[in-house]
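Note sheet for the following structure.
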Amino acid sequence: MALPVERLNSKFEGELKFKGRTVAAPYALPGDLVQFQINRKGAPRILKIERAASYPSGFEPIEPFCPYFGRCGGCRAQHLPYARQLEIKAGPVQAHMAELFYVNSAILPAPAQTGYRNRMDFVVNRTIIGQRPAGDFSEYVDLERCAVQSDAANAALTLVRGTLADHPGAGVDREAGGGALKYVTIRTGVASGVIVLTSLRAESLSAEYAAFRDALVAELQSAVRTGLPTGQFSLIECLLDDPRSEVSNPPGGRTLHGEPAFRAACGSVEFSVPYDAFFQPNPAAFTQLLEAAREMLAEALPRDAAYGGRLIDLYSGAGVLSAIATRWFPDAFQAVAGYEFTASATERAPANFSHFAGSVQFTAVDLNKPGEDFLREESGVLIADPPRAGLSPAVKRAIANHARSRTLLYVSCNPKTQMEDLKDLSQDFRVLRATLADCYPHTPHLEQAVLLERI
């Protein structure tokens, strides 16, 4: 079956209609002819995209900068001019924010469109290290380099690829079984980075995997293959007990070389970030959003006389937002309380507050089930930067019913779930300001900072 694409959705997928249902085709544009097949479960499988002879104004394709575009599922819009990308993905968010909360979300374009990511997770299949195609977990795209990650990260990728090629039995064989290495995560910072090997515990004792691991340690110690400065990259090994697990970069890893953390910068401030803790994937773009958030808090604090000099950091990670906020407003806060899932992040977070004379306490807690007394009678300015799933129902209840807080700064990497949370909080809070930032060029994702005030 072949049908023409009628429109482009906010995920940069071409959409067409077939028997009353919508079929989405990544990388297709309006006017393209899409050949597809419906499998036994009723799901469509895209077979071929035939490019149109001409396109509607504004949808004329450009040449992608990456040779893997169209196969690798990471980037979705390199074939579109950047200005058009912003219109497509930010427009619906701006419209919904205006309709639901009567605010105009400003949009901050990305300062760089290539080389911006400081973290990538690569899937391994035998000697292949790469990404999966869009919507297809059964195939693998072998990547020699990734155009949206840093040069240092690509040097580390080259190092791991070369070492794995010398020890082909170390990588998991996802079809036939055997092998240990399932994922490679590369994270880079200011002057250091980490390489994380996520492997199967049962297979990690094999001679081939042990030889690969030892060879990689030796390469990092001497850095002869790529010319990396000695000690620039640490090496962490994480072992999975369940062979079916597809978790990359899990906690509990052991250090094979260097330190279990790296130095990263955001908002002109350097942080010590544990290898398994969250940190912004695009610090340069996120710094722009932070400047907007700074203006929001500068507007809110003079009106919020009841906050009592206390800053409450939810989903705090290593305390990045609260460490920056206490630098912005050195006389505004006397205490910081942070709550985070990852224990290693809460243990390291206080080290990021050497500038702060007040009390600092970070607590590891399951924010999906924090307990009925979570935030009960807690007073202070609230800041939150949750995962893509948004605030948990328990945290929303605690913010609405328990916390004696007037001001909430909510930063999100998923405006869709954020808007659902804002609707849930609308009985108790009103939205005052909002700003969108494109921290993920060529993908459908955006970040948004929203300032709320208790009614």
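FYI, side chains are in, hydrogens and waters are out, and symmetry mates aren't considered; it's all heavy atoms of this structure.
Of all heavy-atom pairs spanning V23 and P44, the tightest one is CG1-CB, 3.9 Å. Smallest separation of non-hydrogen atoms from T443 and G74: CG2-O, 3.9 Å. Minimum heavy-atom separation, A345 to A277: CB-CB, 3.8 Å. In this structure, F262 and P274 approach most closely via the heavy-atom pair CE2-O, 4.2 Å. The heavy-atom pair separating M296 from A449 by the smallest distance is CE-O, 3.4 Å. The two atoms that bring T188 and R117 nearest to each other are OG1-O, 4.4 Å, heavy atoms only.
Taking the side chain as every heavy atom from C-beta outward, F341 and P251 never approach each other to under 4.5 Å. When side chains are defined from C-beta on, F122 does not count as touching V160, because their heavy atoms never get closer than 4.5 Å. At a threshold of 4.5 Å between non-hydrogen side-chain atoms, the residues E50 and Q35 do not count as touching. A heavy-atom distance below 4.5 Å is not found between the side chains of L301 and T407. S268 is not listed as a side-chain neighbour of T287, based on a closest heavy-atom distance of 4.5 Å or more. With a 4.5 Å cut-off on side-chain heavy atoms, L436 and Q94 count as touching. Contact check for V395 versus Y339: no side-chain heavy atoms found under the 4.5 Å cut-off. A heavy-atom distance below 4.5 Å is not found between the side chains of V320 and D385.
For E372, the CD atom sits in a loose shell: 12 or fewer heavy atoms of surrounding residues, nucleotides or ligands are nearer than 6.0 Å. For K11, the NZ atom sits in a loose shell: 12 or fewer heavy atoms of surrounding residues, nucleotides or ligands are nearer than 6.0 Å. Within 6.0 Å of NE2 in H402 there are more than 12 heavy atoms belonging to other residues, nucleotides or ligands. Within 6.0 Å of atom CZ in R45, 12 or fewer heavy atoms from other residues, nucleotides or ligands are found, so the atom counts as exposed in its surroundings. Environment of CD in E259: sparse, with no more than 12 heavy atoms of neighbouring residues, nucleotides or ligands closer than 6.0 Å.
At least one donor-acceptor pair under 3.5 Å links the side chain of D142 to the backbone N or O of I129. A donor-acceptor pair under 3.5 Å is absent between the side-chain atoms of R348 and the main chain of S272, judged by distance alone. Looking at T198, its side chain does come within 3.5 Å of a backbone N or O of N249 through a donor-acceptor pair. In this structure, the side chain of N352 engages the main chain of A318 through a donor-acceptor pair within 3.5 Å. Checking side-chain atoms of N154 against main-chain N and O of A147 turns up no donor-acceptor pair under 3.5 Å. Remark: the backbone N or O of L391 is paired with a side-chain donor or acceptor of D421 at under 3.5 angstrom. Of the possible donor and acceptor atoms, one in the side chain of S192 sits under 3.5 Å from a partner among the backbone N and O of R263. Using a distance-only test at 3.5 Å, with no hydrogens or angles considered, no donor-acceptor pair links the side chain of R119 to the main chain of T185.
Taken to the nearest 0.5 Å, the CG atom of N125 stands 10.5 Å off from the OG atom of S138. L239 CG to S199 OG: the interatomic distance, rounded to the nearest 0.5 Å, is 6.5 Å. Of the inter-residue distances, the one linking D121 atom CG with Y183 atom OH reads 8.5 Å to the nearest 0.5 angstrom. Here the CG atom belonging to L290 is positioned 4.5 Å from the CD1 atom belonging to I324, to the nearest 0.5 angstrom. With rounding to the nearest 0.5 angstrom, the CD atom of E447 is 9.5 Å from the CD atom of Q418. The CD atom of Q280 lies 8.5 Å from the CG atom of N118; values are rounded to the nearest 0.5 Å.
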Review point. How far apart are the C-alpha atoms of L314 and F374, what are their side-chain angles, what is the distance that settles it, and do they pass the side-chain contact (heavy atoms from CB on, under 4.5 Å) test?
Key: CA-CA 11 Å; L314 303 177; F374 183 62; 3.9 Å; yes

Review point. Yes or no on side-chain contact (heavy atoms from CB on, under 4.5 Å) for V381 and F333, after CA distance, side-chain angles and deciding distance?
Key: CA-CA 9 Å; V381 171; F333 301 107; 4.2 Å; yes

Practice item. Quick one: do F36 and L3 satisfy side-chain contact (heavy atoms from CB on, under 4.5 Å)? Show the steps, please. Key: CA-CA 8 Å; F36 62 97; L3 291 171; 4.1 Å; yes

Practice item. Under the side-chain contact (heavy atoms from CB on, under 4.5 Å) rule, what do T435 and L289 come out as? Steps first, then yes or no, please. Key: CA-CA 7 Å; T435 298; L289 188 63; 4.1 Å; yes

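Taking the six-membered ring where tryptophan is involved, the planes of F69 and Y27 are perpendicular, since the angle between them exceeds 60° and thus also 30°.
Using a 4.0 Å cut-off between a side-chain N of Lys or Arg and a carboxylate O of Asp or Glu, E246 and R132 qualify as a salt bridge.
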Let me check something: any side-chain donor-acceptor pairs from residues 359-370 under 3.5 Å, sequence neighbours excluded? List them with distances.
{"from": "D366", "atom 1": "OD1", "to": "N368", "atom 2": "N", "distance (Å)": "3.0"}

Donor-acceptor contacts, no H, no angles, side chain residues 101-110, under 3.5 Å, sequence neighbours left out:
{"from": "S105", "atom 1": "OG", "to": "Q448", "atom 2": "OE1", "distance (Å)": "2.9"}

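With sequence neighbours excluded, no residue forms a side-chain contact (heavy atoms from CB on, under 4.5 Å) with Q334. When the salt bridge (Lys or Arg N to Asp or Glu O under 4.0 Å) test is applied to D32, the partners found at least two apart in sequence or on another chain are R51. Qualifying side-chain contact (heavy atoms from CB on, under 4.5 Å) partners for V172, counting only residues two or more places apart in sequence or in other chains: R174, K182, L200. Remark: I62 pairs with P81 by the side-chain contact (heavy atoms from CB on, under 4.5 Å) rule, at least two apart or across chains. Not counting sequence neighbours, the partners of S245 by the side-chain contact (heavy atoms from CB on, under 4.5 Å) test are L240, D242, V247. Partners of F279 by ring-ring contact (aromatic ring centres under 6.0 Å, His included), not counting sequence neighbours: none found.
Within the structure, side chain to side chain donor-acceptor pair (under 3.5 Å) contacts touching residues 66-87 (residues at least two apart or in different chains) are Y82-D438, R84-E87, Q85-H442. Residue pairs meeting the salt bridge (charged side-chain N to carboxylate O under 4.0 Å, His left out) criterion with at least one member in residues 280-295, sequence neighbours excluded, are E295-R433. The side chain to side chain donor-acceptor pair (under 3.5 Å) analysis of residues 324-333, with sequence neighbours excluded, yields the pairs T326-H355, R327-H355. Contacts classified as side chain to side chain donor-acceptor pair (under 3.5 Å) and involving residues 56-65 (residues at least two apart or in different chains) are not found.
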